[in-house]
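First the structure, in the form of structure tokens, and then the observations on it.
Just so it is clear, the values below take in all heavy atoms, side chains as well, and ignore hydrogens, waters and symmetry mates.
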Amino acid sequence: MNTTQNPESRFAGPRPLALVTGVGRTAGIGAGIARQLAASGWDIACTYWSPYDARMEWGAEPGAAETIGEDLARHGARTVAIEADLADPAAPDRVLDETEQRLGGVTALVLCHCESVDSGLLDTTVESFDRHFAVNARATWLLIRAYGSRFAGAHGSGRIVGLSSDHTAGNLPYGASKGAMDRIVLAAAREFAHLGVTANVVDPGPVDTGWMSPELQAACRDHTPLGRLGTPQDAAHLVDFLCSPRGQWVNGQLLHSNGGLNA
């Protein structure tokens with residue numbers, strides 16, 4: 001990944017702190033965003049939940065948190081990795097508590113965590129539906145609530161960015177709960193106006209981090225004018241911009257950074 005520092009995106013004074021959730025795999029979007037922010041001058045706190053990866057088709061990646069932490073440290077970032085099951089309603093406050101104790105106050109909250117199990121209208125279970133909403137929607141609300149209640153940064157410096165998806169057919173609980181997540185994040189653009197915090201949602205389109213079949217890869221390429229899949233770096237560059245001082249005027253937006261999928 002090219003994480004060359006852009007002088008225009010660097011910060012004067014101490015490094016600000018970003019809390020990036022869902023950083024459980026070295027190939028994931030969350031890890032790509034964390035690396036890019038570290039290269040741009042941020043300290044990084046990460047969350048991950050190994051049991052989720054262990055039950056998915058890609059499997060758990062032992063040592064991923066340590067490897068990612070070493071990558072971030074090479075960019076001069078102070079870092080901490082916090083394992084947290086965000087289906088637990090007590091987890092968001094605990095994550096913010098530990099982050100503040102270890103690294104200080106959070107300036108940017110980047111929400112990459114998710115529950116994602118393929119199922120449609122007829123085969124989704126109530127248990128799966130509820131867990132998707134607990135992780136993707138409720139935890140997002142609780143993290144944003146904890147962040148907003150504690151935010152003490154300069155007016156105009158705070159950032160919230162949520163990673164979303166518009167894939168719902170055949171992926172019902174994931175897509176529906178991500179839609180709820182969108183509304184929760186965008187509400188913060190108005191409700192946190194007194195704090196000067198911007199809040200945006202990014203839909204990165206089809207990004208293959210190891211979960212896509214060859215058939216799905218080919219279909220996504222065929223429906224994208226650029227003829228390729230998205231990468232974690234694509235999402236990371238946009239999130240980096242939104243979190244930088246140059247990105248302050250972008251607020252309350254759902255941004256489709258998807259290469260023109262279905263254009």
Side-chain angles (χ1 to χ4, degrees), residues 1-5 9-11 14-88 90-116 135-136 139-140 142-143 146-147 159 161-163 204 207-212 230-237 239-240 243:
M1 175 179 179
N2 179 8
T3 52
T4 303
Q5 292 177 350
S9 69
R10 290 185 58 77
F11 296 85
R15 296 173 71 106
L17 173 61
L19 170 58
V20 186
T21 63
V23 186
R25 298 192 299 135
T26 55
I29 292 175
I33 290 171
R35 293 188 191 102
Q36 183 63 55
L37 290 175
S40 292
W42 292 79
D43 290 332
I44 308 291
C46 300
T47 73
Y48 67 102
W49 182 236
S50 297
Y52 169 70
D53 292 309
R55 61 184 169 82
M56 302 303 287
E57 59 267 27
W58 51 78
E61 184 181 352
E66 291 77 10
T67 298
I68 294 166
E70 292 167 0
D71 291 344
L72 304 181
R74 279 193 282 272
H75 292 295
R78 296 183 306 141
T79 184
V80 62
I82 302 167
E83 186 156 23
D85 180 4
L86 292 176
D88 176 1
D93 270 311
R94 180 177 67 79
V95 167
L96 268 293
D97 286 342
E98 185 169 348
T99 298
E100 290 176 347
Q101 291 164 9
R102 301 280 294 276
L103 297 179
V106 175
T107 299
L109 176 63
V110 183
L111 302 159
C112 302
H113 66 276
C114 76
E115 173 78 7
S116 178
V135 174
N136 297 343
T140 293
L142 292 173
L143 284 160
Y147 166 86
R159 302 286 188 271
V161 182
L163 273 290
V207 178
D208 183 16
T209 59
W211 61 273
M212 298 178 77
T231 68
Q233 295 96 311
D234 293 322
H237 292 318
V239 173
D240 185 36
C243 290

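Atom CD1 of I68 and atom CZ of R35 lie 5.5 Å apart (nearest 0.5 Å). With rounding to the nearest 0.5 angstrom, the OG1 atom of T26 is 8.0 Å from the CG atom of D71. Taken to the nearest 0.5 Å, the CG atom of D88 stands 6.5 Å off from the CG atom of D85. To the nearest 0.5 Å, atom OG of residue S50 and atom CZ of residue R55 are 12.0 Å apart. The line from OG of S40 to CG of D240 is 3.5 Å long, rounded to the nearest 0.5 Å. Here the straight-line distance linking atom CZ of R94 with atom OG1 of T99 works out to 9.5 Å at 0.5 Å rounding.
With hydrogens and angles ignored, the 3.5 Å screen pairs no side-chain donor or acceptor of D93 with any backbone N or O of A90. Side chain of T79 to main chain of G69: no donor-acceptor pair is present (N/O by atom type, distance under 3.5 Å, no hydrogens or angles). In this structure, the side chain of T107 does not engage the main chain of P16 through any donor-acceptor pair within 3.5 Å. Judged by distance alone, with hydrogens and angles left aside, the side-chain atoms of Y48 form no donor-acceptor pair with the main-chain N or O of H113 at under 3.5 Å. With hydrogens and angles ignored, the 3.5 Å screen pairs a side-chain donor or acceptor of Y52 with a backbone N or O of S116. Remark: side-chain polar atoms of Y147 are paired, donor with acceptor, to backbone N or O of R159 under 3.5 angstrom.
When all heavy atoms of I29 and A235 are compared, the pair lying nearest together is CG2-CB, 4.0 Å. Closest of all the heavy-atom pairs between V135 and C114 is CG1-C, 3.8 Å. A pairwise comparison of heavy atoms in A38 and L72 identifies CB-CD2, 3.8 Å as the closest pair. When all heavy atoms of A236 and G32 are compared, the closest pair comes out as CB-O, 3.5 Å.
At least one side-chain heavy atom of I44 sits less than 4.5 Å from a side-chain heavy atom of V20. Side-chain contact between C112 and V161: absent, with no pair of heavy atoms (C-beta onward) separated by less than 4.5 Å. Under the 4.5 Å side-chain criterion, counting only non-hydrogen atoms from C-beta, L19 is not in contact with V110. Under the 4.5 Å side-chain criterion, counting only non-hydrogen atoms from C-beta, P204 is in contact with L163. D53 is listed as a side-chain neighbour of W58, based on a closest heavy-atom distance under 4.5 Å. Taking the side chain as every heavy atom from C-beta outward, Q36 and Q233 never approach each other to under 4.5 Å.
Pairs of residues two or more places apart, or lying in two chains, that qualify as salt bridge (Lys or Arg N to Asp or Glu O under 4.0 Å) and include a residue from residues 39-49 are R15-D43, D43-R78.
Listed by chain and number, the residues in a side-chain contact (heavy atoms from CB on, under 4.5 Å) with E70 are R74 (sequence neighbours excluded).
Applying side chain to side chain contact (heavy atoms under 4.5 Å, CB included) to L96 and the options L143, L109, I82 leaves one that passes, L143.
No side-chain donor from either of E83 and T47 sits under 3.5 Å from a side-chain acceptor of the other.
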